[in-house]
There are 2 protein chains.
Amino acid sequence: MGASARKHDVFQAIADPTRREVLRLLAEKERPISEISAHFPISRTAISKHLHILSEAELVKGKKAGRERIYHLQPEPLTELKQWLSYYEQFWNNKLLKLKYIVEEENE
Amino acid sequence: MGASARKHDVFQAIADPTRREVLRLLAEKERPISEISAHFPISRTAISKHLHILSEAELVKGKKAGRERIYHLQPEPLTELKQWLSYYEQFWNNKLLKLKYIVEEENE
DNA sequence: TTGACATGAAACCCAAAGGTTGTATATGAT
DNA sequence: ATCATATACAACCTTTGGGTTTCATGTCAA
């Protein structure tokens with residue numbers, strides 16, 4: 001089965017503010033779970049669940065190191081988001097082009 | 001209160017596949033609710049709820065016209081998504097730059 | 001080997017998400 | 001006036017999401 005069969009996709013993974021904050025933390029540097037959860041008011045278990053969801057979306061990956069599990073960012077799946085966005089980007093660029101056209105006409 | 005107090009933000013709004021499809025339909029052209037819901041296997045009421053959520057995120061806007069309500073796309077809030085993405089884009093560009101560097105070194 | 005530490009995993013809770021059906025209201029057509 | 005159409009709104013249902021607590025397991029340190 002393909003990537004579309006994954007339970008959590010990128011769009012869903014980044015929908016939650018806590019998960020976005022986790023991504024930001026991991027963008028700075030790789031971190032073990034306890035260090036990540038220290039940044040949040042919720043339990044370590046809750047953070048662990050968020051990390052599972054991010055893992056399913058392949059936005060992070062955890063490697064076992066001794067008794068810790070170190071998570072690091074994998075930004076690649078965000079390209080899917082970028083592609084999705086580019087379609088609409090073209091759309092709002094058109095708006096800007098129309099505006100530019102109007103401005104230039106007025107200057108003549 | 002600011003925009004952050006909105007119940008549904010852009011990230012949440014685009015998390016659902018049905019809503020993304022609705023956006024795509026509205027990107028083509030503006031449409032009344034019944035026309036939109038004709039594209040889906042679920043009820044018109046369900047689509048109406050999705051449109052409400054998209055409205056809250058200001059990704060669409062509905063104008064009453066006779067007994068219909070015509071919805072059209074408002075892509076502007078997607079800039080927030082683009083900005084969020086750009087942070088990580090820079091990140092994966094670095095990966096590409098590193099790779100390019102290695103390749104060029106090997107060619108010398 | 002014994003204790004502290006880091007995580008995994010299960011059971012449970014509550015609220016929200018996504019959906020349905022049924023009823024009401026406004027508008028257009030006859 | 002009457003009827004069909006387009007939508008709004010309320011009530012309800014079921015699953016998922018985000019969270020907690022508790023207990024088990026593996027690993028480091030003394």
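Lettering of chains follows the sequences in order, A, B, ..., and the numbering in each one begins at 1.
A:S43 meets the side-chain contact (heavy atoms from CB on, under 4.5 Å) test with A:T45, A:A46; sequence neighbours excluded. Partners of A:K29 by salt bridge (charged side-chain N to carboxylate O under 4.0 Å, His left out), not counting sequence neighbours, listed by chain and number: A:E35. With sequence neighbours left out, the side-chain contact (heavy atoms from CB on, under 4.5 Å) criterion links B:P77 to B:V10, B:E58, B:L59. In this structure B:E21 satisfies the salt bridge (charged side-chain N to carboxylate O under 4.0 Å, His left out) test together with B:R24, sequence neighbours excluded. Residues that satisfy the side-chain contact (heavy atoms from CB on, under 4.5 Å) test with A:K82, not counting sequence neighbours, are B:L85, B:E89, B:W92.
At least one side-chain heavy atom of A:I36 sits less than 4.5 Å from a side-chain heavy atom of A:L26. In this structure, the side chains of B:I14 and A:L81 come closer than 4.5 Å at one or more pairs of heavy atoms.
Here the OG1 atom belonging to A:T18 is positioned 10.5 Å from the CD1 atom belonging to A:I53, to the nearest 0.5 angstrom. Separation of atoms CG (B:L51) and CZ (B:R19) is listed at 10.0 Å; rounding is to 0.5 Å. Atoms CD1 and OG, from A:I47 and A:S34 in turn, are 11.5 Å apart once rounded to the nearest 0.5 Å. Here the CG-OG distance, from A:L78 to B:S86, works out to 11.5 Å after rounding to the nearest 0.5 Å.
The footprint of chain A on DNA chain C, defined by a heavy-atom cutoff below 4.0 Å, extends from C:dA4 to C:dA11.
Within the structure, ring-ring contact (aromatic ring centres under 6.0 Å, His included) pairs that include any residue of residues 65-88 of chain A comprise A:F11-A:W84, A:W84-A:Y88 (at least two apart or interchain). Screening residues 14-57 of chain B for ring-ring contact (aromatic ring centres under 6.0 Å, His included), with sequence neighbours left out, gives no hits.
Remark: B:D16 does not engage B:K49 in a salt bridge, criterion side-chain N to carboxylate O under 4.0 Å.
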What is the per-nucleotide protein-contact pattern of nucleotides 25-30 of chain D, from the 5' end, where B denotes a base atom under 4.0 Å from a protein heavy atom, S denotes such proximity for sugar-phosphate atoms only, and - denotes neither?
-SBB--

I need a per-nucleotide contact map over nucleotides 10-17 of chain D, read 5' to 3'. Cutoff is protein heavy atoms under 4.0 Å; write B for the base, S for backbone only, - otherwise.
BB-----S

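Within residues 32-44 of chain A, the residues approaching DNA chain D are A:I42, A:S43, by heavy-atom distance under 4.0 Å.
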Please convert DNA chain D into dot-bracket. A pair counts if it is Watson-Crick or G-U wobble with both distances under 3.5 Å; crossing pairs go in [ ] and bases paired with another strand get |.
||||||||||||||||||||||||||||||

side-chain contact (heavy atoms from CB on, under 4.5 Å) for B:I70 and B:I33? Distances and angles first, verdict last.
CA-CA 7 Å; B:I70 315 286; B:I33 301 184; over 6 Å; no

